[in-house]
Amino acid sequence: MKIAIIGTGYVGLVSGADFANRGHQVTCVDINEARIEGLKQGVMPISEVGLPELVAAGVKAGMLEFSLDARAAIAEAEIVFCCVGTPLADDGRADCGMIYEVARTFGESITKPTVLVNKSTVPVGTAMKCEEIIKKELQNRKMLDSRPRVLALRGDPFFAVVSNPEFLSQGTAVRDTANPSRLIIGSDDAWAIAQMELVNASFITAGVPKIVMSRASAELAKCAANAFLATKISFINEIANLCELVGANVDDIAASMGLDKRIGPAFLNAGIGYGGGCIPKDTAALIATGHDVGYEFKILPAVQAVNESQRRILYTKLCEFMPERAGKRIAVWGLAFKPGTDDVRSAPSLQIVQNLLADGAEMIAYDPTAQKNAAGLLPQLKFAKTPLEAVQEADALLICTEWPEFAELSLEKIAEMMSNKLIIDGRGVYRNVERPNNVKYWTVGCG
Ligand code: UDX
């Protein structure tokens, strides 16, 4: 099929490259000129394993191209995927301004029956609003009256808006897109559902579970999944805090809980709380949606409150061990909100570093991919080329992201390089490792 993808972030670029390698003709569009220019030269705007190769294969096969011209791409396409961002606004709601702009451009541009698919995470009711915007545009163009289906039968412009949330995780975006856990088609329009089945035929043949539901249900299904993941994380973090007080080990408890099939092992890693571009935003947006319709969530504000205090825990612990931080040299391992990504959006590391810089500490960080993004936000932060360089002569080491390479380093070697052998481990990297006697070590959930 001929596809236009609007937005070349994690969802749009990875989905576009994946569709191109499944035999679809894909045009990925963005308003960011530098990004599109870079993509044309093979420069990826985000760091994801396997993405450069996937994009190169699509381009080489002549199935994937990049453009700044949304109108032309939409006019050519049979199906348009809206993959633009929905950042968190000051009022805790997702800002859907860019989504509505895409809907307007879609209404201005289509020349034949076309489906608009919202892959971005949006609040419930967004597809409905997009539909109204498109209808208005088509009415302005005298291309739509109140009987769109009849017009479609005559071959006149016709459209449908489908909700098709994407569940990929950063760091494993390429793998998740190729092997989705489920295919959600939010629509009650038989033609649009058939088009969605066609574009996703290879997933359906491979046995990916498909659920067709209303658009409102599909929109809510994504936010509910992310808010539930947030709940699991805050739950295990509270258990971790209790473990510390009673002398228990949260990893053992998580392992035991995870073996219960009704619970499952995922998202039970205690640490310094969740961050990133999705889980915090979607949890806040779900609370706001409830509020707007007169439903006040009881669980989710508590989930958020636990996360907020959990994010402060490393700083609080360091202050207990080190009442005077001015002039101290403190190493930070990991800046990204999780391993496998260079993304620092809502990363717990940022606040911790900011607090310590404000205390007058000298901060030296190491992160394998996120240093550039962090440097833009924290100009006073110094960077090391390796984790060991960061701990040289350090008075303390804080671990904020569990990059696998950290676990491979010997604690003896790390301790040898530090002037004061204090390790505050926010991700439990060394929780279950034998530690040298001269190391003062604290981690979440280990009494
Ligand atoms: C999330 C969802 O997992 C994904 O399905 C959705 O499409 C987008 O949002 P992502 O933002 O990439 O994906 O990150 P995720 O792997 O969910 O981690 C979010 C945060 O939770 C990270 O800061 C991570 O460190 C933290 N986390 C995760 C924990 O603290 N403990 C866990 O057990 C799991």
Side-chain angles (χ1 to χ4, degrees), residues 9-12 14-15 46-49 83 85-86 88 94 119-122 164-177 179-184 218-219 221-241 250-251 253-255 257-258 263-286 303-304 306-311 313-314 334-352 367 370 399-404 406 425-429 431 443-445:
Y10 289 94
V11 173
V14 180
S15 305
I46 50 172
S47 165
E48 278 296 331
V49 177
C83 305
T86 49
L88 192 61
K119 251 195 188 306
S120 307
T121 305
V122 292
N164 168 227
E166 170 60 56
F167 296 95
L168 65 81
S169 288
Q170 284 176 231
T172 51
V174 170
R175 195 180 72 203
D176 294 350
T177 304
N179 307 285
S181 52
R182 66 277 211 200
L183 170 64
I184 303 297
E219 288 168 337
K222 172 65 192 271
C223 280
N226 272 355
F228 185 73
L229 294 175
T231 306
K232 259 187 125 175
I233 297 168
S234 280
F235 180 85
I236 200 67
N237 281 335
E238 287 220 276
I239 297 293
N241 295 339
V250 72
D251 276 353
I253 294 165
M257 285 174 66
I263 299 173
F267 279 71
L268 291 178
N269 292 324
I272 47 173
Y274 56 80
C278 296
I279 291 197
K281 171 172 77 90
D282 295 350
T283 306
L286 198 54
V303 166
Q304 286 182 316
V306 170
N307 200 52
E308 277 313 308
S309 64
Q310 204 68 20
R311 290 159 69 91
I313 217 165
L314 275 202
L335 296 163
F337 79 95
K338 68 174 200 178
T341 180
D342 61 353
D343 197 341
V344 295
R345 282 178 295 172
S346 290
S349 63
L350 299 183
Q351 190 61 54
I352 294 164
D367 187 290
I399 304 179
C400 294
T401 316
E402 67 280 30
W403 285 98
F406 298 155
D425 181 354
R427 296 293 184 180
V429 173
R431 187 152 42 214
T443 190
V444 180

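Both ligands and their constituent atoms are indexed starting at 1 by order of listing. In this text the structure is predicted, and so the values were computed from the model without any measurement. Numbers here simply count residues along the sequence, with the first being 1. When reading the values below, keep in mind they use all heavy atoms of this one structure, side chains included, and skip hydrogens, waters and symmetry mates.
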Are any of the N/O atoms in [X] less than 3.5 Å from those in ligand 1?
X    : result
E402 : no
G277 : no
L268 : yes
L229 : no
I279 : no
G276 : no
K338 : yes

Checking the side chain of [X] only, and the main-chain atoms of [Y] only, is there a donor and an acceptor separated by less than 3.5 Å?
X    : Y    : value
K232 : A266 : yes
K222 : D282 : no
D425 : T443 : no
R345 : C278 : no
R311 : Y274 : yes

- Task: Answer with yes or no whether the side chains of T86 and K281 bring together a donor and an acceptor at under 3.5 Å.
- Result: yes
Give the numbers and elements of all ligand 1 atoms closer than 4.0 Å to a heavy atom of [X].
X    : result
K222 : 6 (C), 7 (O)
E166 : 7 (O)
Q170 : 12 (O)

Checking a contact table here: which protein heavy atom is nearest [atom], and how many Å away?
atom                    : value
atom 3 (O) of ligand 1  : S169 OG, 3.4 Å
atom 2 (C) of ligand 1  : N226 OD1, 3.4 Å
atom 9 (O) of ligand 1  : C278 CB, 3.1 Å
atom 31 (N) of ligand 1 : N269 O, 2.9 Å
atom 27 (N) of ligand 1 : I233 CD1, 3.4 Å
atom 6 (C) of ligand 1  : L168 O, 3.3 Å
atom 30 (O) of ligand 1 : R427 NH1, 3.3 Å

- Query: G271 near ligand 1, heavy-atom distance under 4.0 Å?
  - Reply: no
- Would you mind finding which of F167, F267, Y10, F337 brings a heavy atom closest to atom 25 (O) of ligand 1? F337
- Message: Please determine whether the number of non-hydrogen atoms from other residues, nucleotides or ligands lying under 6.0 Å from atom CZ of F167 exceeds 12.
- Response: yes
- Identify the two heavy atoms, one from T177 and one from S15, that lie closest to each other, and give their separation to 0.1 Å. CG2-CA, 4.1 Å
- Query: If every non-hydrogen atom of A254 is compared with every non-hydrogen atom of L268, which pair is closest and at what distance?
  - Reply: CB-O, 3.5 Å
- Item | Heavy-atom side-chain contact between E166 and C83 under 4.5 Å | no
- Message: side chain to side chain contact (heavy atoms under 4.5 Å, CB included), that's the test. Do R175 and V49 meet it? Break it down for me.
- Response: CA-CA 9 Å; R175 195 180 72 203; V49 177; over 6 Å; no
- Task: Could you check N237, I313, T401 and say which one makes a side-chain contact (heavy atoms from CB on, under 4.5 Å) with I272?
- Result: I313
- Within the 4.0 Å heavy-atom cut-off, what R345 brings close to ligand 1 is neither
